[in-house]
Engineer: 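Structure provided below as C-alpha cells; questions to follow.
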There are 4 protein chains.
Amino acid sequence: MIIVNFKTYLESTGKRAVELAKQAEKASKETGVNIIVVPQFADLAKVSEAVEIPVFTQHIDPIKPGNSTGHILAESVMEAGAVGTLINHSERQLKLAEIDAIVRLTREKNLLSCVCTSNPSISAAVAYLNPDIISIEPPELIGTGVAVSQAQPEAVTDTIRLVRKVNDEAVILCGAGISRGEDVSIALKLGTHGVLVASGIVKAKDPYSVLCAFADSALK
Amino acid sequence: MIIVNFKTYLESTGKRAVELAKQAEKASKETGVNIIVVPQFADLAKVSEAVEIPVFTQHIDPIKPGNSTGHILAESVMEAGAVGTLINHSERQLKLAEIDAIVRLTREKNLLSCVCTSNPSISAAVAYLNPDIISIEPPELIGTGVAVSQAQPEAVTDTIRLVRKVNDEAVILCGAGISRGEDVSIALKLGTHGVLVASGIVKAKDPYSVLCAFADSALK
Amino acid sequence: MIIVNFKTYLESTGKRAVELAKQAEKASKETGVNIIVVPQFADLAKVSEAVEIPVFTQHIDPIKPGNSTGHILAESVMEAGAVGTLINHSERQLKLAEIDAIVRLTREKNLLSCVCTSNPSISAAVAYLNPDIISIEPPELIGTGVAVSQAQPEAVTDTIRLVRKVNDEAVILCGAGISRGEDVSIALKLGTHGVLVASGIVKAKDPYSVLCAFADSALK
Amino acid sequence: MIIVNFKTYLESTGKRAVELAKQAEKASKETGVNIIVVPQFADLAKVSEAVEIPVFTQHIDPIKPGNSTGHILAESVMEAGAVGTLINHSERQLKLAEIDAIVRLTREKNLLSCVCTSNPSISAAVAYLNPDIISIEPPELIGTGVAVSQAQPEAVTDTIRLVRKVNDEAVILCGAGISRGEDVSIALKLGTHGVLVASGIVKAKDPYSVLCAFADSALK
C-alpha cells in the first residue's frame, strides 16, 4: 500500500491535484499496487470524480453536523468522495481524546482511519484505539529525503513489535523521507505493509515514474 | 449585504449546499441585494461552479504552500472559487497574531476578508487591522432566534461608533439570531450594512422565501 | 492511595491551600493511608514547606529551561517541592505527543506521573506510555457527586483489564463524583488502588473528616 | 520603567529567582527607576516576600475560581503577591477574545496589565482594549542581542503613533534584543516609557550592573 499525501503543495492543488491523482491511478492499475491519494479538502470532489483509486481526506474533526464553522465534517468529506482519513499527522497533531473520538467516528461512518505517529511508544498507544492503519513518521525526517526505513529501522521494527502485542489487524506503514524505490523495499523487509509519502512524489519531476518505481519495489 | 454561513449543517452539505446556493442566487438576482454564500471547504468547487454570486470560505490558515497537512491554503480555496473568507468566527476563534496574518494574506491574494467579533471592544481592535468586513456576533445569541439587532442594539451601535473612529471603510454587519425580516431592517436602521446569518436560512423550510424577506427588509 | 486535586477553587487557594494540605497530612498520618495533595502552581512552595506528605503539581509542560514565558517548567515546580504531576486532566487535555513527551520528562527528572484518562480505550493507550499512575475519570461525572465507581463500574474494570494486558506496574485510580466512603470502598473492590478526588474534599465542610472516612474505607 | 521577564531560565528559577529579584530591587532603589520583576508561577510567593518592587506574573487565564485544573487563576497569583500580569507574550500567544477577557479581568481585580504585541497594527488593535501597558516585541529579535530600538525603530514609532490615535494613557514599552544601556536610551528617545527585557538581564554575568546601566540610560 502506498498513501500519497498531497499536503498543501502548489504542485498538488486544484487542477494539478486532479492530474497527480490520475498519474497515481495509472501507476496503481499498471502495477496492481494499492495507491491511495490524499488531496486538500477543496479538491476532494474533483479528485474523487476523476479517479477510481481510494481518496482520503487529510483530517476530520470529532464533530457532529451543526454549529462548527470552519471545521471538517465527516459527512461533508464523504459526500465529496473521501473513503478514509489521515488522523494526527505531525503537521496536524491532536489531543489523545480527539484521536480516540475520531477513530470511533470513522468506524461509525465506515471511513478508513490512518493514524500517524512519531515514535514506537506513541504507535503502541494508538494501536489500542484500533485504527485501520498506523503510520509511523519521525517528524525530523519529513521532507528530508533521508528515509525512515534506512535512517531509523529500529523505530519501524519497534513499532511493529509493540503494535502487534495488542493489535493483530492494523496495517502498519512508515513514512518520512521516502524518495527511492529502495526505501520502499527496505520498509517492506522491515515488516511494514507499505509507505506514506508526500514530497517524494508531489515534488518529483515525473511523479508517475517514481510511483511506478515505488510500486515495483513494493512487489519484489 | 447578506452573508449566509452554511456552517456544518447537513441541510447545507454536498448537493444540498449547491441547492441552497442556487436559491440564494435567485433571491439575490430578484431583489438586487448582494448575497454571499459560505459553504464548507469540500463544497466550494461545486457551489462556485453552480452560482455567480460571491462564494466565501469559512476559514483560511495563515500559511504558505508546503508542509501543512490538514490546513486550509488560500491558493486552494481560491482555485476552488472562493473570493473571500470568514476569519475568527466564534466557532473557530483565532489568536490575535493569526487574525493579523490572515487579513494581510487576504490583501496580498485579493481575497475579501470578513472578521467576526463578539463585542464592541473586540470589533474596534479588529478595525485597526483593516479587514474589508467586520461582523459583530454575540456568541450567546447564535442559533437562538433572538436577534442581536433587537436584543443588543447597543452592542451594534457601539461597534459602529468605535470602528468608525479609526476605520472609515470597513463594511459593518451584525449577526446572531437573525430570523425575521424585521431583524434585518432594524440592523440596517442601527447603521450596519447588512447581516451575517446561518440557521435562520439554512434551517428554514423555504430558505428562498426567507432570503427574499431579508433582502426586501434590507431594501426598505 | 488518595490524590486530592485542589483545582482552582477559592477554598483551596493560598493560605487555604496550606490549611487543606495540613488536614490531608493529619488524615494520612492517623490512618496510614497515602494521601497526595495537588495545589495550584503558586501555592506549591508554601504547601510543600508545610507538610511532609507528597505534593504534586497540576501540570507541567514538555519544555526545557529557556524561552517559554508563561509555561510550567519541571525544574521550577520541583524546586518548589513537587514530587509528581498530573498529566492530561480532562480540564487540561493534551496532544498525544505531548503526553508521551511529558511522561518521558518525568522519568528523566524522577517525578511521579499520573495520567488522567476519560475512558477504557484511552486508559489502555496511555498504559503503553508507562506512567506511574493512570486515573480514569469520565468527564461527565466530574463534580456531580455521582461516583464513577458506582455509576460506571464497567469503565473501571475495563480500564484495569486493558491496562494490565500491557502494563503490570501502573497504579490504577478512578475519579469523578467520589463523595462518600462507600464510593472509595467500591473503587477498591473493583480492583483500583485508590481514588482521585477534588470537590468531594475541597468543598466539604470538614475536609479532614471526609478524608478520614475515605481513608478508612480504603483500609477495609 | 524596566520590566524583567524571568521566563523559564534556570538562572531565574527558585532561589535564583529570589536572588535576581533582590538585585533588581537594589538597582531600582539606587537609581530611582521603576523596575518590575516577572518570575515563574511557582516562585511568585517567595519573590514577593523578598522584595518590595512590583512583581508580575507571566500569564493568567480568563477563568473564574472552580474547575480549571492546571490553569492560572488571578486570585491565586494575587494572593502569592502578583500585582500585574503579562498577557499574550509571543511565547504564550492568545486568542483575541481571550486577551479582551483577561484585560477586563485585570481591571476587575485591580491587577496591572501588560499586553505584548509583535507589530504596530497588533499594538494598535490592543490599544482599543485599554490595557495599562503595551509592549511591542518583534519575535524575530527576541534573545538575539539585536535591539528592537536599533534594528526596527519604525516598528516602535509606528506603534506609538497608532496607539496614541485611540489611547492616551497606556504606557508603551519595547522589547526584544535589549542588551546595552544604549538600546534603552534609544528606546526612550523613540518615545517609549521603557523596556521589557529578559535574557539581557537574566543571562548577564552581573545582572545588577546591567540593570543599573539600563536604569541610568533611562534617566538621561
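Remember, it's a predicted structure, so these values are computed and weren't measured experimentally. Throughout, protein chains are lettered first and strands after them, A, B, ... in sequence-line order, and every chain is numbered starting at 1.
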Engineer: Is chain D contacted by the side chain of C/Asn5, its backbone, both, or neither, given a heavy-atom distance below 4.5 Å?
Structural biologist: side chain
Engineer: Counting only heavy atoms closer than 4.5 Å, note whether C/His89 contacts chain D via side chain, backbone, both or neither.
Structural biologist: side chain
Engineer: Does C/Ser68 use its side chain to pair, donor to acceptor, with the backbone of D/Thr8 at less than 3.5 Å?
Structural biologist: no
Engineer: Please report the closest heavy-atom contact between D/Ser76 and C/Thr13, naming both atoms and the distance.
Structural biologist: CA-CG2, 3.6 Å
Engineer: Among D/Gly66, D/Ser12, D/Pro65, single out the residue with the greatest number of heavy-atom pairs under 4.5 Å to chain C.
Structural biologist: D/Gly66
Engineer: Name the region of C/Leu86, side chain, backbone, both or neither, that has any atom closer than 4.5 Å to a heavy atom of chain D.
Structural biologist: side chain
Engineer: Looking at every heavy atom in both D/Glu91 and C/Asn67, which two are closest together, and how far apart are they?
Structural biologist: OE1-C, 3.2 Å
Engineer: Take D/His59 and C/Thr69 through the test side-chain contact (heavy atoms from CB on, under 4.5 Å) and record every step on the way to the result.
Structural biologist: CA-CA 8 Å; D/His59 171 75; C/Thr69 301; over 6 Å; no
Engineer: Checking C/Ala42 against chain D: side chain, backbone, both or neither under 4.5 Å from a heavy atom?
Structural biologist: both
Engineer: Please say whether more than 12 non-hydrogen atoms of neighbouring residues, nucleotides or ligands are located less than 6.0 Å from CD in D/Glu108.
Structural biologist: yes
Engineer: What part of C/Glu75 is in contact with chain D, defined as an atom under 4.5 angstrom from a non-hydrogen atom: side chain, backbone, both or neither?
Structural biologist: both
Engineer: Would you say D/Arg92's side chain and C/Gly70's backbone share a donor-acceptor pair under 3.5 angstrom?
Structural biologist: yes
Engineer: Between atom NE2 of D/His71 and atom CD of C/Gln58, what is the distance when rounded to the nearest 0.5 Å?
Structural biologist: 10.0 Å
Engineer: Taking side chain as everything from C-beta outward and backbone as N, CA, C, O, which of these in D/Gln93 sits under 4.5 Å from a heavy atom of chain C? Side chain, backbone, both or neither.
Structural biologist: neither
Engineer: Using a strict 4.0 Å threshold on nitrogen-to-oxygen distance, state whether C/Glu79 and D/Lys46 make a salt bridge.
Structural biologist: no
Engineer: What part of C/Lys203 gets within 4.5 angstrom of chain D, counting heavy atoms only: side chain, backbone, both, or neither?
Structural biologist: neither
